[in-house]
Each structure stands twice: as C-alpha cells, then as structure tokens.
Protein chains: 14
Amino acid sequence: MTGTGIIAIAAAISAFTGIGAGIGISLATGKAVEGIARQPEAAGSIRTSLLLGAALAEATAIYGLVVALVLVFLKMG
Amino acid sequence: MTGTGIIAIAAAISAFTGIGAGIGISLATGKAVEGIARQPEAAGSIRTSLLLGAALAEATAIYGLVVALVLVFLKMG
Amino acid sequence: MTGTGIIAIAAAISAFTGIGAGIGISLATGKAVEGIARQPEAAGSIRTSLLLGAALAEATAIYGLVVALVLVFLKMG
Amino acid sequence: MTGTGIIAIAAAISAFTGIGAGIGISLATGKAVEGIARQPEAAGSIRTSLLLGAALAEATAIYGLVVALVLVFLKMG
Amino acid sequence: MTGTGIIAIAAAISAFTGIGAGIGISLATGKAVEGIARQPEAAGSIRTSLLLGAALAEATAIYGLVVALVLVFLKMG
Amino acid sequence: MTGTGIIAIAAAISAFTGIGAGIGISLATGKAVEGIARQPEAAGSIRTSLLLGAALAEATAIYGLVVALVLVFLKMG
Amino acid sequence: MTGTGIIAIAAAISAFTGIGAGIGISLATGKAVEGIARQPEAAGSIRTSLLLGAALAEATAIYGLVVALVLVFLKMG
Amino acid sequence: MTGTGIIAIAAAISAFTGIGAGIGISLATGKAVEGIARQPEAAGSIRTSLLLGAALAEATAIYGLVVALVLVFLKMG
Amino acid sequence: MTGTGIIAIAAAISAFTGIGAGIGISLATGKAVEGIARQPEAAGSIRTSLLLGAALAEATAIYGLVVALVLVFLKMG
Amino acid sequence: MTGTGIIAIAAAISAFTGIGAGIGISLATGKAVEGIARQPEAAGSIRTSLLLGAALAEATAIYGLVVALVLVFLKMG
Amino acid sequence: MTGTGIIAIAAAISAFTGIGAGIGISLATGKAVEGIARQPEAAGSIRTSLLLGAALAEATAIYGLVVALVLVFLKMG
Amino acid sequence: MTGTGIIAIAAAISAFTGIGAGIGISLATGKAVEGIARQPEAAGSIRTSLLLGAALAEATAIYGLVVALVLVFLKMG
Amino acid sequence: MTGTGIIAIAAAISAFTGIGAGIGISLATGKAVEGIARQPEAAGSIRTSLLLGAALAEATAIYGLVVALVLVFLKMG
Amino acid sequence: MTGTGIIAIAAAISAFTGIGAGIGISLATGKAVEGIARQPEAAGSIRTSLLLGAALAEATAIYGLVVALVLVFLKMG
C-alpha cells in the first residue's frame, strides 16, 4: 500500500509542474492587455502571439499532467 | 490507513498547484485595470484578452484539482 | 488515529492554497485603486474588471477549500 | 495524544494562510493612500474599491481560519 | 508530555502568522508617509485609509493569535 | 525534559515573529526620512503617521512575545 | 515495491523541470506582445524569434520529460 | 543533557530574530543618508526620525534577546 | 533495488539542471524580441547573437542530461 | 558529548545573526557613497548618520555574538 | 550498493552547478542582443566580450561536470 | 567522534556568516565605483566612507570566524 | 563505504560553490556588453576591468573545486 | 569513518561561503565597467576602488577556505 502512496505523491509533484505555466501565462496576459491598452488597433496581432506562446507554455503543464496520469492509471491501477 | 493519509497529502499537493494561477490571474487583472485606466475606450478588448489568458491559466489549477479528485475518489474510495 | 492526523495536515496544505489568491487579489486591488486615482471617471469599468479577475482567482482558493473539506468530512467523519 | 498534536499542527498551518492576506491587504492599502495623495478628491471611490478587494482577500484568511477551527473543535473536542 | 510540546509548536506557528501583517502594515505606513510628504494637506484622508486597511490586515494577525491561544489554554490547560 | 525543550523551541519560533516588524518598521522609517528630506515642513505630520503605523506593526511582534512568554512561564515553570 | 515508488518520485522531479520553460516561455511571450504593441509592423520578425527561442527553451522541458518516461517505462515496466 | 542542547538551539533561534532589525535599520540608515545628500539642511530632523524608527525596530531584536537570555539562564542554570 | 531508486533520483536531479537554461534562454529571447521591436533592421544580427548565447546555455542543460543518461543506462542497466 | 555538539550548533546559529548586519551595513554604505558622490560637501553629515545607524545595526550582530559566547563558555566550559 | 547510490546523488548535485551558468549566460546574451539593438555597428565587439565572459562562466559548469564524471567513473566503476 | 563532527559542522555554519559581508561589501564597492564615475573628484571622500562601512561589515564576518576558530581549537583540540 | 559516499556529497557541495561565480560573471559580462554598446571606443578598457573582476570571482569557484578535489583524491583514494 | 565524513561536509559548507564573494565581486565588476563606459577617463580611479572593495570581499571567501582546510588537514589527517 505504501508504494501506492509514494506513487500518489509522485503524481502530485508531477501535476504541480503546472504552477509555472499558471503564473507565466498570466504574466504574459498581463503584458498583452497592457499592450492593447497602448495600441488598441494591434489587438488582433497581440492576441495571436499570446495564444502561440501560451500554447507552448501550457504544453509544459500538460507534460506534467501526462506523467501524473501515467503514474496514477498505469502503476496504481 | 497510512496509505490513505499519504494519498491525502498527495491530493493536497496537487490541489496546491492552484496557487500559481491564484497569484497570476490576479496580476493579470491588475495589469488589465491599469490598462483600462489609461485607455478606457479599449476596456472591451482588454477584458476579452484577460478572459482568454485567464482561462488558459485557470486550466492549470483545474489540472491540479482533477488529479487531486482522482486520487481522493478513485484511490481512497 | 495517526491516519486522521495526516489527513488533517493534508487538509491544511490544501486550504493553504488560498495564500496565492490572498496576495494576488490584494495586488490587483492595489492596481485598481491606483488606476482610479489616475482616471476617476473610469472607476466603474475598473471595478467590473477587478471583480471579474478576482472571481477567477478566488476560485483557486475555493478549489483548495473544497479539497480540504472533502478530506475532513468524507475521510475523517 | 500524538494525533491531537498533529491536528494542532494542521490547524496552525491552516491559520497560517492568513499571512497572504496580511501582506496583500497592506500593500493594497499602501497603493490606496498613494492614490489619495495624488488625487485627494477621489478618496471616496478609492476607499470603496479598497474595501471591495480587501474583503475578497480577507475571505481567503477566513477560509483558513474556518478549516483551523473545524479541525480544533470537531476533531480534538 | 510530547503532545503538549507539539501543541506548543502549533501555537507558535499560528502566532507566527503575524509576520505578514508586521511587514505589510509597515509598508503601508511607508507609502502613507510618502504620500503625506507629497500632499501634506491630504494627511487626514490618508491616515483614515491607512487605519482602515491596517485594521483589516491586523485582523489576520489576530486570527493567528486566537488559534494560538485556543490551542494553549484549551488543549494544554 | 524533552517536552521542556520542545516548548522552548516553540517559544523561540513565536518570538521570531518579531523579524517581520523589525524589517518593516525600518522600511517605513526609511520612507519617512525620505519624505522629510523632500518636504521638511511636513516632518511633524509624517512622524505622527509613522508612529501610528509602527505601533500597529510593533503589536504583531508583541503578540509573538506574549505567546512566547506564556509558553515559557506557564508551561515550563 | 518501494523501489518502484522512488523511481516514480524521480520521474516526477524530472518532469518538474518543465516549470522553468513554463515560466520562461510565458515571459518571452509577454515581451513579444509588448514589442508588437510598440512596433506592429515587426510582428512577423518578432514571432519568428519568439518561436526560435521558445523551441530551445521547450527543449529543456522535453529533456526532463524524456528522462521521466525512460525511468517510468524502462525501469518500472 | 539533550534537553539543555535543545534549549540552546531555541535560544539561538530567538536571538536570530535580530537579523530583521540588522537588515532593516541599515536600510533605513541608507535612506537617511540619501535624504541628507539631497537636503543637507534637514539633517537634524532626518536623524531624529531615524532614531525614533530604529529604536522601535531595535526593540524587536531586544525581544528576541530577552527570550534567549530567559531560556539560557532560567532554564539551563 | 533501493540502489536503483536512489540512482533514479540522482538522474532526475541531474536532468533538473535544465531548468536554468529553460528560464534563461526564454529571458534572452524576451530581450531579443524587445530589441527587434526597437530596431527591426538589426533582426539578423540579434538572432545570430541569441543563437550563440543560447547554444552555450543549452550546453549546461545537455551536461545535466548526459550525466542523467550515464547514470540511468550505465549504472542501472 | 552530543549535548556539547548541539550547543556548538546553537552558538553557530546565534553567531550567524551577523549576516543581517553584514549585508545591511554594506547597503547603507553603498547609499552613503552614492550620496557623497551627489553632494560632496555633505560628506561629514552623511558619515555621521551612517555611523549612527550602523552602530545600531552592528548591535544586533553583537547580541548574536554574546549569546554564542555565553553558550560556548558558560555551558561547554 | 547504497554507497553507489549516494555517489550518484553527489554526481547529480555537482552537475547541477551548471544551472548558474545556464541562467547567467542567457542573461548576458539578453543584455548583448539589447546592446546590438541599440548600437548595431558594435555587434562584433559586443559578441567578442560576450564569448569571453560566457567562456569564464561556462567554466564553472564544466568544473561541476568534471567532479561529477570523476565521481561516476573513478568511484563507481 | 560524532561530537567532533557536529562541532565541525557548527564551525562551518559560523564561518558561513561571512557570506553576508561577502555580498554586501561587493555591493557597496559597486555603488562606490558608480559614484566615482559620476563625480571623479570625490573619489577620495568616497573611498574613505567605503572603507569605514566595509570595516564594520567585515567585522560581522570576523565574529563568525572567531566563533568558528574558538569551536575548532578549544573544543576539538 | 558510506564514509566514501558522504565525502562524495561533500565534494559535490564544495564544487557547487561555482554557481555563484557562474551567475555573477555572466551578469558582469552583461553589464560589460551593455557598456560597450553605449561607448564602443571604451571597449578595451571595459574588457580589461571585466577580466580583472571575473578573475577574482572565478577564484571563488576554484577554491570550491580545490576543496572538492582534495576531498576526492586525498580522502577517497 | 562517519566522523571523517561529517568533517568533510563541514569543510564543504565552509568552502561554500565563497559563493557570496563570487556573486558580489562580479556585481561590483559589472558596476565598474558600467562606470567606465560612462566616464572612460576615470577608469584608473574606478579600477583602484574595485580592487580595494573586492579584496575585502575576497577575504570572506578566504576565511571560509581557511576553516575548510583547517578542518580537512588538522582533523582528518
């Protein structure tokens, strides 16, 4: 049973990776709204770049989620 | 019983991921209201971008919540 | 009994997630009042955006609270 | 007895959540007085927004207090 | 006896919550005196807002104190 | 004897709360002298606000001292 | 079984490497949207550089993912 | 003997509180000399405020020292 | 088996080195896009320098990967 | 013998308090030389204030040294 | 076998030294591209200095790699 | 023998105090050379103040060294 | 064998000292290229000072390397 | 043998003190080259002050090295 517990901890640490993207994407969003406030007509171009960068950052959160789910379902099942 | 306890700790760590989005979305909100103060007529465009970015960030908090609930209900049930 | 104690610790860590929103919403509030000081006539629009972002951030604190209460009442009851 | 001790630690960690709101509300207050110094006639509008945001932040400290008291009185009583 | 010791540690952690308000209120005070230096005639309005925000922040320190004293007198008495 | 030792540690952690006020009051003082340098004729008003805020911050250090002394004299006496 | 648990922890730490890229790419995105807001006609050139740098940074997250998966499938299989 | 050792550790942690005032007073001093450089004729008023604030901050270091000496002489004597 | 587990932990720590390059390269990218926004005609020269520096930084992530893989395949094989 | 060792650790932690004053006084010195560079004729007044503040900060390092030496000579002699 | 494991941990910590150079070189690169954006005709001179400094910084990562490899091949072989 | 080892650790922690002065004096030096660059004719006065402050900061490193050497030669001799 | 392992850890911590110089020299390089961009004709003088300071900083990394190698070859040989 | 290992750890921690000077001297160098870029004709005076301050900072790294070598050769010989 203890092995199951440690794998659960491991899954949690892995899922915890999302904190980086959680803070980061928000900061990028902050910069984006700041830019739109300064240059409202560039809002479309800014939003495209924001999505592009946020997608790459979100990917790191998804890597963590994948490892977490692999550990939970494959090893604890 | 100890195994249950460790899984509870794991769920807590996983749910703790939300702290990143909690700080981040707030910072983005801060930037947004700052932008609206500077450019009140761009408020609609700013609010759209804020929602878009905050949704992506909120997602990381939800990944943590999902792993936490999976651990609590699937493994401790 | 020790299992109960560890679950209590887990609930505490989970509730601790609120610290992120606690700091963050305050910072957003700080930016909002700063913006109102600069542009008093945009106070309504600023306050709407503040509430919108703060609600999303508060949600992360609530996720932590939910996991904490689930652990306390479902598992220790 | 040890179980009681661990629950006490858990209650303390949970109450410790208040540190976020403690720092944050103060920072928001700092921004507010800064704004009043710049725009004394907007003092009323600024104070309203400060209270609104501070109430949401204070809520996170109260969530922690609630979990702490639930643990102390329900589980250790 | 060890149980008493752990509860004492818990009370200390809980009382330690005050550090947030201790730093924060001071920072708000710093901003307030800065504002008064810039706008001496707004000193009264600034001091009112400072007290309002500091009272909300001080409350988080008091929550910690309350949990600490509850633990010390109710559980160790 | 070990119980006495742990209570001593708890008292030390509790007294350690003073570090927040120690740093914070100093920072507020720094802002105050900065303000006086800019606006020497507002020195009296600035010093009053400094004392008011510093008293509230000092209070958090005193809460910690009180819990520390309660633990030392009531529980170890 | 414990060996499996420790390898799971190792995989989690390894996957956790992604937090660096998660924060970093977001910050770069923030700078990029800031730049587009200032110089909308350079959006294409900026987006190319962003992708180039983000790809190199994403690589570090992938190194961590690779080591994590190698540990999970090769050693725990 | 071990009890004596733990009390010694506690006294050290308590004395360690002084680090806050050590950094803080120095920062306030830095601001003060900065202010004097800008406004040499306000040197007297600045130095008075510096002493007032530093005395309040030094007090937190003294609280720690007091608890440390109480622990050393009362409990280890 | 435990030896295998510890080596896995070591490999994870070693792979974790990549976090430095992950954050750093992103920051450099941020500066680069900022520079291109200011001086679009220097984009080629900037991109060359970015690649040169990022290659040296990426190298540190690769050192960590190499040590990780050496530990995994040579020692755990 | 172990008791002696722990007291030695305690003395070391206590002496470690000096790190705060070590950093702080240096920062104050940095501000002082900055001020002299801007206002060379106020060098005397600046140096007096620097000494006054540094003496108060140095005091916190001395408190730590005193507790360290009391522990070393009184308890280990 | 445990000895081998601890040496593996030591090698990992040693290889981890590279994180400093990983962040640092990137920051220097960021400054370099910033400089080129401002002064495109100094690009050659800037790139030479960047390489010179980055080589010295990379050296610290290599020291860590050397100690790591010495530990892995000499002691675990 | 273990007692000797712990005293060695204590001496190391005590000597580690020097890190504060190591960083701090360097920062003060940085400010000093900055000041000389701005006001070359005040170089003498700046260098005197730098030495005065650095001597007080160096003192904290020496306190740590003294405690370290007292522990090494008096207690381990 | 465990003794060998602990010495390996010690060597790794000692080699880890290089992280300070790794970050620092890079930052100095960043400032140097910034300076060259502003004043291209002072490139020679800047590069000389950079080398001088970097050599002193690199020395601290070498001290750590020396202690690491002394521990590895003298004590583990 | 374990005693030897712990002394090795102590020597490593002591040598680790050099990290402060490693970062600090580099920062001072950065400020120095910045100053030379602004005031090339003051390069000699700046370099003298840099050496003076860096020597005092380097001293703290040497104190750590001395304690490390004393521990290694006197106690482990």
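Each chain gets a letter, A, B and so on, in the order the sequences are listed, and its residues count up from 1.
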Interatomic distance, A:Glu41 atom CD to B:Ser45 atom OG [nearest 0.5 angstrom]: 10.5 Å
Side chain proximity check, A:Val72 to B:Leu71, heavy atoms < 4.5 angstrom: yes
On a heavy-atom basis, which atom in A:Ile6 and which in B:Ile6 lie closest, and how many Å separate them? N-CG2, 4.3 Å
Working to the nearest 0.5 angstrom, can you tell me the gap between B:Ile9 CD1 and B:Ser14 OG? 12.5 Å
If I measure from the heavy atoms of chain B, does A:Ala32 come under 4.5 Å with its side chain, its backbone, both, or neither? neither
For chain A, which residues of residues 61-68 of chain B have heavy atoms nearer than 4.5 angstrom: B:Tyr63, B:Val67
Sort by residue number and list every member of residues 22-29 of chain A having a non-hydrogen atom under 4.5 Å from chain B. A:Gly22, A:Ile23, A:Ile25, A:Ser26, A:Leu27, A:Thr29
Between atom CD1 of A:Ile36 and atom CD1 of B:Ile36, what is the distance when rounded to the nearest 0.5 Å? 11.0 Å
Any side-chain donor paired with an acceptor under 3.5 Å for B:Thr48 and A:Arg47? no
Could you pull out the closest heavy-atom pair between B:Thr60 and B:Ala21, with the gap in Å? OG1-CB, 4.2 Å
Distance col, row B:Glu34:CD vs B:Gln39:CD, nearest 0.5 angstrom, shows 13.0 Å
Scanning both residues in full, the closest heavy-atom pair of A:Val33 with B:Ser49 reads CG1-CB, 3.9 Å
Looking only at heavy atoms, what is the nearest atom pair of B:Gly35 and B:Ile46, with distance? C-CD1, 3.9 Å
